Amino acid sequence: MTQVVVGENEGIESALRRFKRQVSKAGIFADMKRLRHYETPIEKKKRKAVARRRKRRVR
């Protein structure tokens, strides 16, 4: 769960920016988009292949 603590003299805009950055790093938007509609087996296979390539490249 993503959480942002707003400081006393901090503006809401900067807190919102930090929240958006944390949400994107956590991959919440990607999961939300992926779960929004039915994923065909071919789409699922392609997504997993891309993830495997990314994982292999990082090592």
Side-chain angles (χ1 to χ4, degrees):
M1 180 157 170
T2 304
Q3 187 176 21
V4 174
V5 178
V6 180
E8 239 179 79
N9 296 326
E10 184 180 16
I12 192 73
E13 291 84 16
S14 62
L16 187 61
R17 216 174 304 123
R18 281 193 301 131
F19 175 75
K20 286 181 180 180
R21 195 176 314 126
Q22 286 181 1
V23 166
S24 68
K25 279 186 180 179
I28 295 172
F29 280 132
D31 284 342
M32 183 181 66
K33 286 180 181 179
R34 184 173 55 84
L35 297 173
R36 187 174 289 169
H37 60 84
Y38 176 73
E39 188 175 31
T40 64
I42 293 172
E43 291 172 338
K44 196 176 202 179
K45 189 185 258 186
K46 285 181 183 178
R47 180 178 48 83
K48 287 186 177 185
V50 169
R52 278 194 306 270
R53 271 189 246 125
R54 284 183 187 157
K55 189 175 181 181
R56 214 176 1 181
R57 196 178 339 159
V58 171
R59 290 182 175 183

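A quick note: this is a predicted structure, and the numbers were derived from the prediction, not measured.
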Of all pairs that satisfy salt bridge (Lys or Arg N to Asp or Glu O under 4.0 Å), the ones with a partner from residues 13-25, not counting sequence neighbours:
Glu10-Arg18
Got a sec, which pairs hit salt bridge (Lys or Arg N to Asp or Glu O under 4.0 Å) with one end in residues 38-49, sequence neighbours left out?
Glu39-Arg47
Review item, side-chain donor-acceptor pairs of residues 28-36, under 3.5 Å, at least two apart:
from: Asp31; atom 1: OD1; to: Arg34; atom 2: NH2; distance (Å): 3.4

Could you pull out the closest heavy-atom pair between Val4 and Ala15, with the gap in Å?
CG1-O, 3.9 Å
Looking at residues at least two apart in the chain, or sitting in another chain, which of them share a side-chain contact (heavy atoms from CB on, under 4.5 Å) with Ala49?
Arg52, Arg53
Taken in chain and number order and not counting sequence neighbours, the residues that satisfy side-chain contact (heavy atoms from CB on, under 4.5 Å) with Val5 are none
